[in-house]
Amino acid sequence: ISFDTACSSSLAALHAGMRGVQRSECPTALVGGVNMVFDPGACIGMALAGMTSARGRSHTFDSRADGYARGEACGGVVLQPAELAQGAPPMMLGAAVRQDGKSASLTAPNGQAQRALLGAALADAGVAPAALVRLEAHGTGTKLGDPIEAGSLAGAVLSARGAACGALAAGSVKANSGHAEPAAGLAGLVVLVLGLGRGVAAPNAQLRALNAHVGGALRGVACALPTAGLAGLAGDGVGGVSSF
């Protein structure tokens with residue numbers, strides 16, 4: 001099956017693969033996401049539409065955010081029931097897919113829909129917000145999109161965490177390697193899984209001065225946006241990844 005839900009395509013495919021395995025529709029699901037940039041026409045079109053960064057970087061959560069940098073990625077995962085998996089691979093606890101509904105534009109999505117999605121994913125996984133130690137955000141690096149996502153994260157996850165939980169580390173691989181568009185979700189998943197396995201959070205590579213609107217959205221909640229590798233993540237090593 002091929003999926004085209006724009007930036008969330010590979011995570012939508014991951015969700016379908018997980019459901020297929022859960023319902024015994026298939027014993028194993030192979031989920032892949034690929035984005036290769038060959039046609040300069042698409043790059044020119046996105047630049048003329050004001051979607052891509054004139055600086056050539058995805059300045060996630062940064063005040064310099066002016067659009068995203070296009071990136072390439074190729075990744076895949078194998079999903080199997082826990083009893084068939086070899087060794088002790090990472091466990092996928094739950095997932096959710098939702099429709100964005102009415103929104104201002106492609107780069108200014110519906111914050112209420114995002115909060116509903118995050119809440120549904122936690123509920124499906126049976127995970128309380130307090131259990132999370134790491135979040136791989138969509139984080140394209142747009143002045144409107146990043147604050148909306150930060151507000152959604154604060155409303156659905158961070159505000160429900162107790163003071164004893166510590167700060168939830170958030171970041172986005174797009175600041176390191178660009179926005180891989182349909183493959184972006186799996187790229188984020190790979191970074192998340194590697195980091196959780198090692199107890200570290202990757203840095204927000206382009207973060208120099210926090211976007212004031214992101215700071216406002218996160219005011220009063222505990223969220224870390226590390227600019228250097230953050231080691232010693234506590235808890236049970238549970239994380240989340242999102243694409244919009």
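Hydrogens, waters and symmetry mates play no part in the numbers below; they use all other heavy atoms, side chains included. The structure presented is a predicted model; accordingly, all values stated were derived computationally and were not measured.
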Correct closest heavy-atom pair for C43 and V37 would be SG-CG1, 3.7 Å

Any residue meeting ring-ring contact (aromatic ring centres under 6.0 Å, His included) with F61, in chain and number order, not counting sequence neighbours: none

Should we count CZ of R57 as having more than 12 external heavy atoms under 6.0 Å? no

Minimum heavy-atom separation for G166 and A222, please, with both atom names. O-CB, 4.0 Å

Taking atom CD of Q22 and atom CG of L79, what is their separation to the nearest 0.5 Å? 9.5 Å

Counterpart residues, side-chain hydrogen bond (donor to acceptor under 3.5 Å, both in side chains), relative to T5 (two or more places apart): S8

Residue list, salt bridge (charged side-chain N to carboxylate O under 4.0 Å, His left out) with R70, at least two apart or on another chain: E181

Check step by step if side-chain contact (heavy atoms from CB on, under 4.5 Å) holds for V190 and V173. CA-CA 10 Å; V190 169; V173 69; over 6 Å; no

What residues form a salt bridge (charged side-chain N to carboxylate O under 4.0 Å, His left out) with E149, not counting sequence neighbours? none

In Å, rounded to the nearest 0.5 Å, how long is the span from CG of L117 to CG of L122? 9.5 Å

Could you see if L158 belongs to whatever hydrophobic cluster contains V127? Use Ile, Leu, Val, Met, Phe, Trp, Tyr and a side-chain cutoff under 4.5 Å. yes

For T28, which residues count as a side-chain hydrogen bond (donor to acceptor under 3.5 Å, both in side chains) partner, sequence neighbours excluded? Q80

Could you tell me which non-hydrogen atom of S172 sits nearest to which non-hydrogen atom of A137, and how far apart they are? OG-O, 3.5 Å

So how far is it from C7 SG to N35 CG, rounded to the nearest 0.5 Å? 10.0 Å

Tell me whether L230 shares a hydrophobic cluster with V133, the cluster being built from Ile, Leu, Val, Met, Phe, Trp, Tyr side chains joined at under 4.5 Å. yes

Considering all heavy atoms, the nearest E136-V191 contact: OE1-CG1, 4.0 Å

Please determine whether residues L11 and L196 belong to a single hydrophobic cluster, defined as Ile, Leu, Val, Met, Phe, Trp and Tyr linked transitively by side-chain heavy-atom distances below 4.5 Å. yes

V193 and V21: same hydrophobic cluster, using ILVMFWY side-chain contacts below 4.5 Å? yes

Please say whether more than 12 non-hydrogen atoms of neighbouring residues, nucleotides or ligands are located less than 6.0 Å from CD in E72. yes

So side-chain hydrogen bond (donor to acceptor under 3.5 Å, both in side chains) across residues 182-202, not counting sequence neighbours, yields none

Using a 3.5 Å cut-off and no angle test, enumerate the donor-acceptor pairs between side-chain atoms of residues 237-244 and protein atoms at least two apart in sequence or in another chain.
none

Where do V77 and M92 land on the side-chain contact (heavy atoms from CB on, under 4.5 Å) test, with the steps shown first? CA-CA 11 Å; V77 297; M92 188 170 169; over 6 Å; no

Under 3.5 Å: donor-acceptor pair, side chain of R161, backbone of P129: yes

Sequence neighbours excluded - side-chain hydrogen bond (donor to acceptor under 3.5 Å, both in side chains) pairs with any residue from residues 203-214: none

Indicate yes or no for a side-chain donor-acceptor contact from D62 to the backbone of G141 under 3.5 Å, with no hydrogens or angles considered. no

Okay, side chain of S10, backbone of L186: is any donor-acceptor separation there less than 3.5 Å? yes

Applying side-chain hydrogen bond (donor to acceptor under 3.5 Å, both in side chains), can you list everything that pairs with T52, at least two apart in sequence or on another chain? none

Closest heavy-atom pair, P109 versus G145, reported as atoms and distance to 0.1 Å, is CD-CA, 4.4 Å

Determine, using the 4.5 Å side-chain heavy-atom cutoff (strictly less than), whether L135 and L93 are members of one ILVMFWY cluster. yes

What residues form a ring-ring contact (aromatic ring centres under 6.0 Å, His included) with H179, not counting sequence neighbours? Y68, H138

Applying side-chain contact (heavy atoms from CB on, under 4.5 Å), run through L168 and V221 and close with a yes or a no. CA-CA 9 Å; L168 176 64; V221 295; over 6 Å; no

Identify the two heavy atoms, one from A121 and one from A96, that lie closest to each other, and give their separation to 0.1 Å. N-CB, 3.5 Å

Could you tell me whether a side-chain N or O of D66 sits under 3.5 Å from a main-chain N or O of S53, the two making a donor and an acceptor? no

dist D146:CG -> H59:NE2 (nearest 0.5 Å) comes out at 11.5 Å

Hey, is the main chain of A6 close enough, under 3.5 Å, to the side chain of S9 for a donor-acceptor pair? yes

Under the side-chain contact (heavy atoms from CB on, under 4.5 Å) criterion, do L207 and T60 qualify, and how do the steps go? CA-CA 7 Å; L207 184 54; T60 305; over 6 Å; no

Can you list everything that forms a side-chain hydrogen bond (donor to acceptor under 3.5 Å, both in side chains) with S103? Sequence neighbours excluded, please. D100

Provide the full list of ring-ring contact (aromatic ring centres under 6.0 Å, His included) pairs with a residue in residues 142-169, sequence neighbours left out, each pair given once. none

